[in-house]
Structures are given as structure tokens and as C-alpha cells.
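Below you'll find the structure, written out as C-alpha cells, and then a few comments.
The structure displayed is predicted, hence computed values, not measured ones. Labels below follow one simple rule: chain letters A, B, ... track the order of the sequence lines, proteins then strands, and each chain is numbered from 1.
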2 protein chains.
Amino acid sequence: MGVTIRDVARIAKVSISTVSRVLNDKCNVSEDKRVRVERAARDLGYIPNPAAQSLHSSRTGSLGVLLPFVSGEFYAEFLNGVDKTAQNGDWLLMISTSHNSEDELRAALKGMYRRVDGLLIMAPNITAESVLMQPHDDIPVVFVNTRCEDEAISLITFDNHGGMREMTRHLIATGHTRIGFIRGPVLAFDAAERERGYRDAHREAGLTVNEELIVPGKYSQQSGHDGAVRLLGMDPRPTAIMASNDDSAIGALSAIREAGLDVPSDVALTGFDDVPSARFTVPPLSTVHVPVRELGARSIEVLMECIKTGQISRLPHQTMDVELRIRKST
Amino acid sequence: MGVTIRDVARIAKVSISTVSRVLNDKCNVSEDKRVRVERAARDLGYIPNPAAQSLHSSRTGSLGVLLPFVSGEFYAEFLNGVDKTAQNGDWLLMISTSHNSEDELRAALKGMYRRVDGLLIMAPNITAESVLMQPHDDIPVVFVNTRCEDEAISLITFDNHGGMREMTRHLIATGHTRIGFIRGPVLAFDAAERERGYRDAHREAGLTVNEELIVPGKYSQQSGHDGAVRLLGMDPRPTAIMASNDDSAIGALSAIREAGLDVPSDVALTGFDDVPSARFTVPPLSTVHVPVRELGARSIEVLMECIKTGQISRLPHQTMDVELRIRKST
DNA sequence: CTGTTAGCGCCTTCAA
DNA sequence: TTGAAGGCGCTAACAG
């Protein structure tokens with residue numbers, strides 16, 4: 001069932017080691033036999049059995065990617081960068097989701113044991129440390145956008161705090177003092193960081209945060225919608241609303257317009273992430289640009305580099321810059 | 001490097017075959033040894049090496065998923081359904097993209113050779129037949145939203161033609177006769193089907209299609225924007241614009257509003273797919289609902305079923321229903 | 001330069 | 001009920 005190296009050897013009238021040599025080393029083989037082997041392999045459509053190769057080399061040629069979710073533009077863009085880079089490096093991708101559950105993460109990790117040569121983990125509401133002492137003790141792991149104190153763990157993040165602080169400053173500079181804030185998921189570290197940016201900007205401007213103006217959210221469009229409804233029901237209502245990400249901003253936008261209000265003249269609105277859609281909302285959304293695709297690409301590059309050099313993750317933490325994209329919603 | 005069955009046997013003071021029996025068969029082992037083995041395996045954190053298992057059983061425990069792209073809400077939602085279903089069935093997912101290139105598809109297929117037990121392929125601008133006689137001759141393959149005449153190939157699609165025809169009828173019934181159409185990618189079979197639906201509805205209503213009103217697009221937000229700009233520049237301008245998918249509708253919406261026009265009073269607008277965002281545009285988008293997530297889930301279910309029963313794809317073609325979601329943009 | 005052989009880790013007959 | 005042994009397909013020493 002399936003062509004093996006033995007078949008190729010038989011057809012080419014050589015031993016299996018010669019076939020192996022031709023297909024790998026490429027040295028110490030007479031021209032005559034080489035062409036015979038290459039011909040036979042091609043004719044038979046021979047492809048080495050990866051399980052056998054892996055059993056021998058203990059390498060798999062695949063990378064594991066563990067995300068909280070796979071839906072939504074943010075993750076899709078991230079995956080886009082991941083996929084492209086991995087494909088360029090000729091690596092296969094094994095993808096799984098944790099739904100932000102530590103148990104699911106552990107299960108997925110276990111499932112990928114010895115099936116991947118490296119691991120990319122995004123887990124915003126789990127600490128990197130809590131996950132590391134898993135079965136995978138001998139392959140490199142890169143964490144992305146995850147809470148992690150340990151400098152010995154490879155980590156790539158972006159400036160959640162700084163981005164939101166800058167955006168808040170922008171709003172304050174435009175004269176807003178009553179700024180509603182739609183939070184992200186309670187346990188997500190990035191959501192907490194973004195909120196901290198909001199608070200710090202207020203403090204730095206000598207403003208005290210009105211806790212009532214901070215409403216819960218879940219990064220989803222629906223939760224953004226609901227959060228905005230709640231904020232707009234307050235009296236006096238906020239003059240600006242900051243959503244913790246673009247999806248919730250998109251939901252908020254629809255709620256604001258449903259209320260018969262205009263953006264930005266009645267209420268200013270901001271997002272975070274700068275997903276592709278953000279340029280096409282009406283009005284185009286002012287948001288914090290996160291280089292999501294590059295983030296995915298970079299993470300895979302680091303992972304591939306670690307694998308090549310045999311390092312089990314000792315790279316300095318990297319933080320990618322974010323940048324304000326002021327469009328028409330503020 | 002890594003705990004093997006031999007280590008477990010040594011610790012449990014039994015032979016490796018007994019360990020194997022305990023971990024698999026679960027029969028013909030004395031209670032005494034069973035607990036010893038189970039204890040040893042647990043203590044050592046033993047996980048069988050999948051490469052060795054696979055080499056012996058020639059099964060891998062993974063499913064291959066080949067999509068044209070991975071970005072955008074449509075594919076993200078599809079993957080969502082795929083991921084969830086696969087995870088429930090305890091399958092790992094190997095994911096790759098073809099960018100609608102037949103060469104890339106072939107390369108990915110080759111890369112997955114013997115690494116997966118089944119294949120899910122979405123390739124809107126390639127025919128299923130052209131891909132089938134690939135290395136994978138002995139595993140089930142399910143095609144999704146792909147052109148395919150051969151009834152012996154497993155295929156799951158949705159009604160691209162019918163959905164767009166119905167939506168066109170809706171517009172015609174609302175009094176529109178000058179309806180702009182933003183196409184999808186030239187080579188995509190689904191885009192062609194949608195256009196055919198647009199044309200058929202016109203014909204059935206006794207209307208002749210004005211070819212000028214059909215402008216090119218690529219399913220992207222930007223292309224939708226550009227297409228709408230072009231349509232709005234015509235004199236007289238269309239009273240309605242149909243985008244071939246929601247992303248291009250979102251782009252078109254922004255162009256319409258930039259032109260200072262209102263939706264739907266100046267120009268009606270429709271999409272296709274019903275991605276999550278469609279409910280949150282302003283105004284909410286009338287579109288054709290495609291059960292994308294269910295499509296992903298169903299495809300994986302079929303695949304798992306084929307694998308379980310050992311069928312190499314002989315299931316009747318399935319077509320999933322689509323359904324009009326008339327919201328506020330028409 | 002080439003073929004024989006010993007594993008990689010696991011499962012599964014085959015004897016005992 | 002148990003252990004020894006062969007083999008899955010491949011690579012890499014080791015002899016020739």
C-alpha cells in the first residue's frame with residue numbers, strides 16, 4: 001500500500017541505501033545509478049513516508065499553532081502571516097484552539113506531542129509559565145501576546161498599554177473628558193493592559209476616571225453593541241467611546257447609529273487592532289494599528305530560527321510597535 | 001530523549017508488549033500488572049510516539065484542510081466549524097492555503113502525503129477532478145464549494161446560484177430595474193454561479209441585463225469599494241448595487257457613503273455570505289445567509305465518517321441551503 | 001562507490 | 001496471561 005523505498009530500489013536495480021543517498025546526501029553515488037534512481041522515483045511517484053523519517057530523525061517538519069480562537073478578522077490576519085511564513089520555510093502547520101481554557105490548551109499541547117518541531121502559543125489569559133512544564137520539554141516554544149514574566153521564555157507582544165494610552169491622550173487632547181470605555185474579556189491580559197492605558201492617560205492628564213464609564217465587553221461585535229447601548233443610556237452620556245478592539249467598536253458603531261446619533265459629531269469612537277474592516281466602516285474608524293500579520297510572520301520566523309539553531313527558547317522578549325491611525329470617527 | 005514504552009516496561013517490571021496491551025487492548029492482562037503499568041505510565045508522563053504508531057498502523061490522527069486563503073471572516077468562520085468538529089472527534093488539523101493556485105494546491109497536497117488520514121479541500125477555481133489523481137489515492141477526500149461534475153467525488157456545496165437569484169428577485173420586486181453588480185474573482189466558480197443567478201433572475205423577470213452594470217471585483221473590501229465608485233459614476237446611476245460577497249458589500253457601503261448618498265434610500269445594497277459583521281454595518285446589510293460554520297462542521301463530519309467506514313469518497317453530492325436575510329440596506 | 005545491517009518506537013503475531 | 005521477535009519505512013554506520 002504505497003510506494004516505498006524498496007520499490008524504487010528494485011526498479012532502479014540498486015540497494016535501498018543508494019536510493020536513500022540519492023534522495024538525501026546527493027554525494028558518493030555514481031552518475032549512472034543516480035539517474036536510474038531519480039527516474040524510478042519519479043516514475044513511481046515515490047514520496048518518502050514521513051512517519052518513518054520522523055521516527056528516525058525525531059523531526060516532523062510541522063509547527064504547532066495554538067490560538068484562543070480561529071474566528072474573527074484578528075486571528076484570521078494573524079494566521080495569514082503565520083501561514084505565509086511557514087509555507088515559505090516549507091513547514092506544515094498544525095493548528096488548534098484553546099478557547100482561552102487552560103485545560104483545552106493542555107489537551108491540545110498533549111495532542112501535538114512529537115507531532116511538531118516547534119510551538120507557537122497565543123494565550124492572552126494564561127501565563128506562559130503555567131503552561132511550559134508540559135510534555136514538550138525539548139522543542140522551542142514561542143509565546144505571543146501572553147502574560148509572561150520569565151525572561152527565559154520566548155515572547156513576542158505588542159504594546160497594548162501604550163497604544164490605548166496614546167489613543168486616550170488623543171481623545172483628551174481633542175477636548176473629551178467624559179470617555180466611555182468598553183472593556184475586553186475579564187481574564188485577558190491584553191484587555192487589562194488596554195484598560196490600564198486608558199486609566200494612565202487620564203491620570204497623566206489630571207483627570208479622574210469615572211468608574212461608571214467602564215463597561216464590560218468580550219471583544220465581540222455584539223458585546224460592543226451592548227456596551228455602547230449601556231453607555232449611551234447614561235446621563236450625561238459620554239462624548240466619546242473607546243472600544244477595546246475593533247470588533248466591539250464595530251458593534252458600538254451600529255448601536256450609536258441606531259440611537260440616531262452621529263459619529264464623530266455626537267459621539268467619537270475608537271477601536272484597537274486595525275483589522276482590515278476598520279478602514280471601511282462609516283465613518284472610517286480611528287484605531288490603534290497592530291501589525292497583526294507581521295506579528296504572525298515574526299513569531300514563525302523566530303520559531304524557525306530557534307529550531308535551526310537548536311535553541312530551546314532563550315530569546316529576549318520582543319515588543320512590536322503599535323501606532324495611532326486617526327481616521328474619521330474622532 | 002523522551003519516555004518510551006521501554007521505560008514504562010522497565011519501571012513496571014513487565015515486558016513492552018504488556019505495556020502496549022494495557023494502553024490499547026485493555027484485555028488479557030492481570031489486574032496486578034495493569035495497575036503497575038498504568039502507574040508507571042502516569043508517573044513518567046508517557047505519551048506514545050505518534051510517528052511510531054503511524055509507521056505501524058499507517059494512520060496519523062490528523063486531517064488535512066486546504067483552503068484558498070485563511071484571512072477574512074468567511075474562512076475564519078468556516079475554520080471555526082471545522083476546528084470545533086475535529087476537536088470533538090479528537091482529530092488534529094493540518095491546515096494549508098493554495099491562494100487559488102493549482103500549483104500551490106498540488107504542493108500542499110504533496111506535503112501532506114501520509115501525514116493525514118483525510119483531506120478537506122476548498123478550491124473555488126479549480127475543478128475537483130483535476131486534483132484528485134494526486135499522491136493521495138487511498139484516503140478519503142471531501143471537496144467543498146468546488147466545481148465538480150463527477151458524482152463519485154464527495155462534494156458539499158451551497159446554492160450560490162439560487163441565493164443570488166433570489167436576492168435579485170427581491171430587488172426587482174422592490175421596484176429596482178437598474179441594478180449594479182460587483183463580480184467576484186474571474187476564475188472562481190462560485191462567483192460565476194452568483195453572477196448567473198443575477199442574470200437568470202433578470203431574464204425570468206423579462207429584464208435584459210445591462211452589461212455595463214456588471215463591474216469586476218475580487219471579493220475584497222477594497223475591490224467592493226472600487227466597484228461601487230465605478231457604478232456610482234454612471235449616468236444614470238444604478239438604484240441598487242449587489243456585491244458578490246459581504247466583504248465587497250462593506251467596501252461598497254463605504255464608497256456609497258463617501259459619495260454622500262444614503263443606503264437604502266438613494267442606493268440599495270446587498271451582500272452574500274452573511275458574515276458576522278453583516279449584522280453590524282450601518283445600516284445592517286441585507287444578504288444571503290450561507291451557513292458557513294455548519295458547512296465546515298458538516299464537511300469534517302463527512303470526512304470522519306468516510307474514514308471510519310473506510311470509504312474513499314463515494315457519497316452523494318450535498319448542497320446546503322442558503323436563505324435571504326433582508327435587513328435594512330434594501 | 002555500494003550493499004548489508006542495526007536501530008528509531010510501537011504493535012502484534014507466535015510460542016510458551 | 002505473558003514475553004520474545006518480527007516488521008512498519010527510513011537513515012546512517014559499517015564493511016566491503
Side-chain angles (χ1 to χ4, degrees), chain A residues 1-38 40-41 44-62 110 112-117 135-136 138-139, chain B residues 1-38 40-41 44-62 110-117 135 138-139:
Chain A
M1 44 152 309
V3 184
T4 77
I5 198 174
R6 219 173 295 276
D7 300 316
V8 179
R10 190 165 37 76
I11 301 295
K13 296 191 200 309
V14 297
S15 73
I16 59 169
S17 23
T18 300
V19 176
S20 181
R21 270 186 214 106
V22 171
L23 268 33
N24 302 309
D25 305 333
K26 302 269 182 198
C27 65
N28 287 352
V29 176
S30 70
E31 193 55 24
D32 168 42
K33 302 207 168 171
R34 146 161 305 127
V35 298
R36 263 160 49 205
V37 167
E38 275 164 354
L44 291 165
Y46 171 68
I47 301 178
N49 183 325
Q53 292 185 130
S54 168
L55 185 56
H56 180 269
S57 65
S58 69
R59 275 178 298 101
T60 64
S62 337
K110 187 172 166 187
M112 287 190 179
Y113 179 70
R114 308 254 141 182
R115 283 175 203 266
V116 296
D117 298 336
H136 306 270
D138 51 0
I139 62 171
Chain B
M1 46 150 305
V3 184
T4 77
I5 197 173
R6 218 172 297 274
D7 300 315
V8 180
R10 191 164 36 75
I11 300 294
K13 297 190 198 308
V14 297
S15 72
I16 59 169
S17 11
T18 301
V19 177
S20 181
R21 272 185 212 105
V22 172
L23 270 32
N24 301 311
D25 304 333
K26 303 269 182 198
C27 66
N28 287 354
V29 177
S30 69
E31 194 55 23
D32 168 45
K33 303 209 167 171
R34 148 163 302 129
V35 296
R36 263 160 48 205
V37 167
E38 275 165 353
L44 291 166
Y46 171 68
I47 302 179
N49 183 324
Q53 291 187 130
S54 168
L55 185 55
H56 180 268
S57 65
S58 68
R59 274 176 298 103
T60 64
S62 332
K110 187 171 166 189
M112 289 191 179
Y113 179 70
R114 306 253 144 186
R115 284 176 204 265
V116 296
D117 298 337
D138 51 2
I139 62 172

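Distance, A:Arg6 CZ to C:dG3 P: 14 Å, rounded to whole Å. Rounded to whole Å, the distance from CG on A:Asn28 to P on D:dG16 is 18 Å. Between the C1' atom of C:dG9 and the CG atom of B:Asp7 lies a distance of 11 Å, rounded to the nearest Å. Protein atom OH of B:Tyr113 is 11 Å distant from nucleotide atom C1' of D:dG9, rounded to whole Å. Between A:Arg59 atom CZ and C:dG9 atom P the separation is 15 Å, expressed in whole Å. What separates CG of B:Leu55 from C1' of D:dG7 is a distance of 9 Å, to the nearest Å.
Between D:dT1 and B:Lys33, no contact under 4.0 Å exists linking OP1 or OP2 to a side-chain N or O. Here A:Tyr46 reaches the OP1 or OP2 of D:dC10: one of its side-chain N or O atoms lies under 4.0 Å away. Residue B:Gln53 has no polar side-chain atom (N or O) positioned under 4.0 Å from OP1 or OP2 of C:dG9. For D:dC10, the OP1/OP2 oxygens have no side-chain nitrogen or oxygen of A:Ser54 closer than 4.0 Å.
For the atom pair CG of A:Leu23 and CD1 of A:Ile47, the computed distance is 11.0 Å after rounding to the nearest 0.5 Å.
Here the side chain of A:Arg59 pairs no donor or acceptor atom with the backbone of A:Asp117 at under 3.5 angstrom. Panel note: side chain A:Arg21, backbone A:Asn28; no donor-acceptor pair is recorded below 3.5 Å. A:Arg36 contributes a side-chain N or O that, together with a main-chain N or O of A:Ala12, makes up a donor-acceptor pair within less than 3.5 Å.
Residues A:Arg115 and B:Ser62 come closest through the heavy atom pair NH1-OG, 3.8 Å. For the pair B:Asp32 and B:Val35, the tightest heavy-atom approach, listed with the atom from each and the gap, is O-CG2, 2.9 Å. In this structure, A:Thr60 and A:Ser54 approach most closely via the heavy-atom pair CG2-OG, 3.9 Å.
Considering only the side chain of B:Ser30, D:dT1 comes nearest among D:dG3, C:dC1, D:dT1.
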Tabulate atom names and distances for all N/O pairs under 3.5 angstrom spanning the protein and nucleotides 12-14 of chain D.
none

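Residue-level contact check: B:Asn49 touches the backbone only, with heavy atoms under 4.0 Å from sugar-phosphate atoms and none from bases.
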